[in-house]
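Residue numbers start from 1 in every chain, and the chains themselves are labelled A, B, ... in the order their sequence lines are given, proteins ahead of strands.
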Amino acid sequence: MSKGKPTGENVFDIERIREIVKLMEEHELTEVDLQQGDDRIKLGRGGQPIAMPAAAPAVPVAAPATAPPADAGSVNDGTITINAPMVGTFYAKANPESEPFVQVGSMINADTIVCIVEAMKVFNEIPAECTGKVVEVLVADQEPVDFGKPMFRVQPNS
Amino acid sequence: MSKGKPTGENVFDIERIREIVKLMEEHELTEVDLQQGDDRIKLGRGGQPIAMPAAAPAVPVAAPATAPPADAGSVNDGTITINAPMVGTFYAKANPESEPFVQVGSMINADTIVCIVEAMKVFNEIPAECTGKVVEVLVADQEPVDFGKPMFRVQPNS
Amino acid sequence: MLQKILIANRGEIAVRVIRACREMGIEAVAVYSTADADSMHVRLADEAYCVGGAKSAESYLKIDQIIAAAEVADVDAIHPGYGFLAENAHFNEVCRESGFEFIGPSPQAMEKLGDKNTARSMAIENKVPVVPGSEGLIEDDSAAIKTAKEIGFPVLIKATAGGGGKGMRVAEDADSLENALSQARNEAQAAFGNGGVYLERYITSPRHVEVQVIADSHGNVCHLFERDCSVQRRHQKLIEEAPSPNLPAEKRKEICEAAVRMIRGADYTNAATVEFIVDPDDNFYFIEVNARIQVEHPVTEMITGIDLIKEQIRVASGEPLSFKQEDVEVRGHAIECRINAENPDRNFMPNPGTISLFYAPGGFGVRFDSHVYGGYTVPPHYDSMIGKLIVHQPTREAAIATMRRALAEIRTDGISTTAGFHDKVLQHPEFVAGKHDTKFVEREFTGN
Amino acid sequence: MLQKILIANRGEIAVRVIRACREMGIEAVAVYSTADADSMHVRLADEAYCVGGAKSAESYLKIDQIIAAAEVADVDAIHPGYGFLAENAHFNEVCRESGFEFIGPSPQAMEKLGDKNTARSMAIENKVPVVPGSEGLIEDDSAAIKTAKEIGFPVLIKATAGGGGKGMRVAEDADSLENALSQARNEAQAAFGNGGVYLERYITSPRHVEVQVIADSHGNVCHLFERDCSVQRRHQKLIEEAPSPNLPAEKRKEICEAAVRMIRGADYTNAATVEFIVDPDDNFYFIEVNARIQVEHPVTEMITGIDLIKEQIRVASGEPLSFKQEDVEVRGHAIECRINAENPDRNFMPNPGTISLFYAPGGFGVRFDSHVYGGYTVPPHYDSMIGKLIVHQPTREAAIATMRRALAEIRTDGISTTAGFHDKVLQHPEFVAGKHDTKFVEREFTGN
């Protein structure tokens, strides 16, 4: 393994770059500059946090015990998410005939029921617990959800 | 013996970077800049960069296939090392009675015999292959050496 | 045969069950807490559902969430592993009421055997020797003194609802008995909300010997011989081995047959372990039944060649065991060391953290059941075991040599483990001679 | 018994030998190139010496440097592993002249068996069936045609100094023979500096079956039954198993006894493999003897329970084998898959690199012999094998299931491996039926 020559290793390895970027984001690094021989990896990062790649895990890696809004899937565009507080089946409507509880554009407040999560034959009405406008519905009707799974994206009132 | 061996250390080793970042966070460092030969690890974090003494890793980087001077054990103080070109037993003197080939302070040139490395009953005279002044003898008389093991530290003529 | 199984557990045992499912062509579903999102069992499973927060009470112990995951995943059975809800008869019942096979005994059998006092009477009914002691609970102190004199001092006071040594006291003589009784009662009341205690003869220098049994729903009850788990620290097993060293052949036969009688008598199906203590004269006394698969089951698998998890699944599927008693043979000797993320130099303080560099032990005769890998972070929320190192060799001596070799290979930069401590134990003359008892570790190493 | 051994090799086999030394209480000394400073064998050894640069020619093939390291480390024996200098009779001789036991056969036996033509005549002397062919080298074309007609077409032309398929040609009839002869001669001359060729009958749909033999210096020569290595790509073995599927019991007996005759006749000590090809009617023909321990030795260890490396060391120490022929029994079925850092989708192009995240396969019935770990960089300078995945189960069917389970567990983020390719092979009906021959992989998968 002589100096200045790569160890059969690829500077452009996306996986590793993703790891470094993750590291930079987690620890608010502004600069990473790695050189070995002719190889170099130099990454800069402004004051704005970097958005996680789409390939981010489907499940929040560190959602707290009770999954409050704005934790999972935040992309730092000012929006927050309403996350499933339990495992179960997501229902967008009270019954097949009725309208969805909320849709894109719906204004919601903390008490607004946004959906039902059914588990063990119990239909749990899920309140928004936040105030603002629904900008995206992230789960299809009757799709299963698990703890912390983002269900709605909301533009909060500022 | 293993202590003398090159590590083939990898500047891009995510784990080590993670360690350094941890340090930066714990101690609120804004910049770390490590350089050795062609290798460099430079990390920035938040605020204004502050000058920081370069801390070189304890272990030297990998020596190339043939172990020329100045590769192993360089500590960026301008000195270079004469490394063992083979496995064997290091002899500082031609025979027990005689003076050492070289000592601290000895001026040497490319052809100066600096020691003998004995392997398979053959006594190989090792030339300096560099010009300058011996500032440190790194191996004790009749100690075993292996390939790339630094034997002398030399202040080259500039 | 079952088609899809949810594993209501984490760590190495979740990985262990997933492996058995895979080999049987059964789909495996993992559940996990937010702290385990990167855990190996999540990645190896066919499906994985987050059931709550890092604390066990918010995830692995949350019955409704686990059942909800089973419904969403549409599994047909649930394997509880060990610990967490494994011996919770209520969970067992809820699983079955919700339409999921529980891979373990019936709630009734679990409940009966769960109560030490009931279990003891069942043992007596089935002619399984028990430690001489009080019939049922101790009513008052005078009765206690009378019984103690019949049994003979020293006597041990035990909580009927007890476990892990809580509510236990030794009384050397009648004078110290009263005091010890009240202490034990209070401790038991505090720990288990049940102050009921009973008396038994205190066995000096006991060995812990347990028999692996498995029963199917067709009336077959087989034993897979015994394990010796005498290397313990504060009632926590550290090293287990099979067969038990220095147990005479006829005693082995007796203890295994007694265990089978016990399980048959309890009208029990699936895997169970019948625990005994063995005194210096090789007399054995029933202690309790563990109504679950145990941490140390691999040593039995190594010497018998029988996959216990697969047999559990077969039994839960209503199929007969894949073997008959006469097919079960002991081959060689197996030892297991529990590798814990603890610092033996700091009184075994757990030290969770990230394993920056990891070498897994391997090679001929070595099995390492674990969920860790280089870069894995051991979370602080659960028990500290990061793996089970199991070796199998023709002789106990060779097994010890292989274990010491394998222990030396383990590398976990970033956290310290008990590997080095095990190596010390393995070299101790008492262990090498197989003459150690359950107080060996505290006597020779840790003190207390 | 030997006290200190230098392992003149790298990678998994260096680790394998170090493990055996450790269990026997023997000090292990590693040598390494500058490219292997971080390799596991360096870290597991008691001592390690860098013997030169990354290129094999500058380190692992440098006889003087390896001997010098042996002198400095003051060992009493050298284990060559496989590949590199393992079958170099000169190195063997230099070791012994320098006062180090060479853990392998005598240079004489190695040399005799190294020459295919000599080996063939030795086989004939020892009544070991060989493929019908020319007695010795082919002098001129007319002789060739005469011989070919005696043997019967199609005939195979082989280089006496050959290997890896070089200098091989098939002639369907007399007309094509002359042309094929000259081609083979030229190729052999170019490849080995020796144009000598010979003829033999061309066996269609051959299986590769080899017998593991080991002999001590006390006149004991034992076989450990056979291995089937018919899953090959370009003459490189990919999957090996023991016992050989569908080999009739009496043929197993015959082939093993023939192998023992061959080794006894060669006045050979230590481990050897006698290779045969087996035709569709189960007739077997001697091919060659490998005078070393082989990559696939673990499958034999699994079914016999005998540690071949320990036996090699015992034999080299002048001790008798630890077992007698009648003690050797076959238990269950074992399969090995060679896990290579290659990309099957790109014609198995090697792809060295850093393994950022690594899951080692494990669990019941699984053995993984490897030198890699999370964060390890596979150097580009050596062969691409990063580990050997071995499974052991009561039946071949169960072994295949366990292998598929274990292959799926392997994770090597950063490099691609052949694990997925093995999984495809294991599902192929021909392999499942055990009816595959040595052309199976090229015919069904890679199209050569």
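Interface check for chain C: of the options D/Gly332, D/Ala406, D/Gly363, the most heavy-atom pairs under 4.5 Å are formed by D/Gly363. Counting heavy-atom pairs closer than 4.5 Å to chain D, the top residue among C/Ile18, C/Ile390, C/Leu44 is C/Leu44. Most heavy-atom pairs under 4.5 Å with chain C, from the set D/His392, D/Gln393, D/Lys388, D/Arg367: that is D/Arg367. In terms of heavy-atom pairs under 4.5 Å with chain D, the best-connected choice from C/Val372, C/Ile400, C/Asp307, C/Ile309 is C/Asp307. Heavy-atom pairs under 4.5 Å with chain C were tallied for D/Ala401, D/Ala360, D/Ala20, D/Gly362; the largest tally goes to D/Gly362. Counting heavy-atom pairs closer than 4.5 Å to chain C, the top residue among D/Arg404, D/Arg16, D/Arg331, D/Met24 is D/Arg331.
Heavy-atom distances place the backbone of D/Val366, and not its side chain, under 4.5 Å from chain C. At a 4.5 Å heavy-atom cutoff, the contact between C/Arg43 and chain D is made by side-chain atoms alone. Using a 4.5 Å cut-off between heavy atoms, D/Ile306 contacts chain C through its backbone alone, with no side-chain atom that close. For a residue to count as touching a neighbouring chain, one of its non-hydrogen atoms must lie under 4.5 Å from one of that chain's; by this rule D/Glu12 does not touch chain C. Neither the backbone nor the side chain of D/Met403 comes within less than 4.5 Å of any heavy atom of chain C. With a threshold of 4.5 angstrom between heavy atoms, D/Arg411 approaches chain C through side-chain atoms but not through N, CA, C or O. Of the atoms belonging to D/Asp369, it is side-chain heavy atoms, and not backbone ones, that fall under 4.5 Å from chain C. With a threshold of 4.5 angstrom between heavy atoms, C/Phe364 approaches chain D through its backbone and through its side chain.
Under a cut-off of 6.0 angstrom, the local environment of CD in D/Gln427 is crowded, with over 12 non-hydrogen atoms contributed by other residues, nucleotides or ligands. The neighbour count for C/Glu397 CD, taken as heavy atoms of other residues, nucleotides or ligands under 6.0 Å away, does not exceed 12.
Taking all atoms of both residues into account, the shortest heavy-atom contact from C/Tyr373 to D/Phe358 is CB-O, 3.6 Å.
Rounding to the nearest 0.5 Å places OH of C/Tyr376 at 9.5 Å from OH of D/Tyr359.
Not counting sequence neighbours, the partners of D/Arg19 by the salt bridge (Lys or Arg N to Asp or Glu O under 4.0 Å) test are C/Glu409.
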